[in-house]
Amino acid sequence: MTTSPSIQLYTVRDAISADLDGAVARLAEIGFTKVEPYAFVERADEYERAFAAAGVSAPSGHASVIDSDDPARTFDAAAQLGIGTVIDPFIPSARWQTADDASRLAGRVNELQVQAAAAGLRFGYHNHNWEFSNRVTGRSIFELFLERLAPDVTLEIDTFWSTVGGADTPALLRSLGERVQFLHIKDGRVAGDIATSLPSSESALEVPDALAKAFRDQVPAGSGDVDIPAILAAAPHALRVVEFDGYSGDIFEGVAASFAWLARNDTAGDAAVAQ
């Protein structure tokens with residue numbers, strides 16, 4: 001499973017906006033056989049065509065479901081694309097402040113997992129940094145969220161953002177075990193504006209200039225501050241999903257460098273597949 005990483009398509013969003021089919025084909029040429037689409041509900045037919053043409057599959061996909069009035073529409077689109085796990089990628093920091101916030105969000109996620117299961121799918125959540133940096137009586141709000149979360153909810157840990165938020169990410173992954181089925185693999189500096197600036201409360205895609213600059217400082221896997229080897233060893237079973245929030249160079253070159261680094265260094269994933 002883990003010898004063939006996936007890629008979050010948001011990484012190449014500009015190329016996708018210009019030429020969806022061409023962008024997916026370029027990723028397949030690099031060696032990706034799996035992708036993780038975003039905003040797939042609105043473009044399901046286009047994604048389906050592009051994936052078929054490039055010979056890639058989508059084990060997981062990102063969609064804003066927690067605040068949706070029509071989750072079934074998202075789950076129908078996921079089924080069309082062969083997406084097995086739908087992951088909500090963003091609930092802003094302002095809604096992760098209290099124990100009641102954690103309980104409210106966990107309750108909604110649990111409801112959505114029941115609905116997803118009825119459609120033959122799974123539902124999960126993807127973190128940023130504030131779920132770890134926001135604390136209640138000395139505990140991260142993410143910890144409170146987990147205590148209220150149903151055990152069959154899938155977790156996708158963005159290992160860069162959890163590290164930025166102050167978590168010991170390898171220890172976190174060991175504690176969560178099989179609940180974590182997907183890892184976002186990205187690298188860069190974990191201090192400074194990347195840790196203190198926040199995106200818009202409306203969308204993770206809208207960020208202040210300081211954060212946009214910090215995004216552009218992200219680097220291919222293995223060349224930044226994140227201890228990716230320890231992270232991979234802590235969750236050998238989880239699908240690796242390459243992602244950049246931003247990049248100062250040619251994004252396809254950055255993606256290819258991360259893909260090559262994983263091919264050389266992901267011995268934990270290789271061992272998991274061999275078992």
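Computed from a prediction, not measured in an experiment: that's the story for all the values here.
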Q.
side-chain contact (heavy atoms from CB on, under 4.5 Å) for Gln113 and Val109? Distances and angles first, verdict last.
A. CA-CA 6 Å; Gln113 166 58 22; Val109 169; 5.6 Å; no
Q. Can you name the one residue among Thr163, Thr159, Asp158 that meets side chain to side chain donor-acceptor pair (under 3.5 Å) with Thr169?
A. Thr163
Q: Could you check Arg13, His126, Glu36, Glu243 and say which one makes a side chain to side chain donor-acceptor pair (under 3.5 Å) with Gln8?
A: Glu36
Q) Are Phe215 and Val219 connected in the hydrophobic side-chain network, where two residues link if heavy atoms are under 4.5 Å apart? A) no
Q. Are Leu205 and Phe160 grouped together when hydrophobic residues (ILVMFWY) are joined by side-chain heavy atoms under 4.5 angstrom apart?
A. yes
Q: Give a yes or no on whether a salt bridge exists between Arg95 and Asp67, defined as a side-chain N under 4.0 angstrom from a carboxylate O.
A: yes
Q.
Check Lys186 with Asp245, please: is the shortest side-chain N to carboxylate O separation under 4.0 Å?
A. yes
Q | Distance, nearest 0.5 Å, that separates OH of Tyr247 from OG of Ser258 | A | 8.0 Å
Q: Report the distance from atom CG of Asp193 to atom CG of Leu198, rounding to the nearest 0.5 Å.
A: 11.5 Å
Q: Return yes if a side-chain donor-acceptor contact under 3.5 Å exists between Tyr47 and Gln80, otherwise no.
A: no
Q: Name the orientation class of the two ring planes belonging to Phe142 and Phe132 (parallel below 30°, tilted from 30 to 60°, perpendicular beyond 60°).
A: tilted
Q. So with a 6.0 Å cut-off around CG of Asp250, is the heavy-atom count from everything else above 12?
A. yes
Q: Could you tell me whether a side-chain N or O of Lys34 sits under 3.5 Å from a main-chain N or O of Ser4, the two making a donor and an acceptor?
A: yes
Q) Should Ile251 and Phe244 count as side-chain neighbours, where that means a heavy-atom distance under 4.5 Å? A) yes
Q.
Test: ring pair (Phe, Tyr, Trp, His ring centres under 6.0 Å). Region: residues 63-90. Which pairs qualify, not counting sequence neighbours?
A. Phe90-His128, Phe90-Trp130
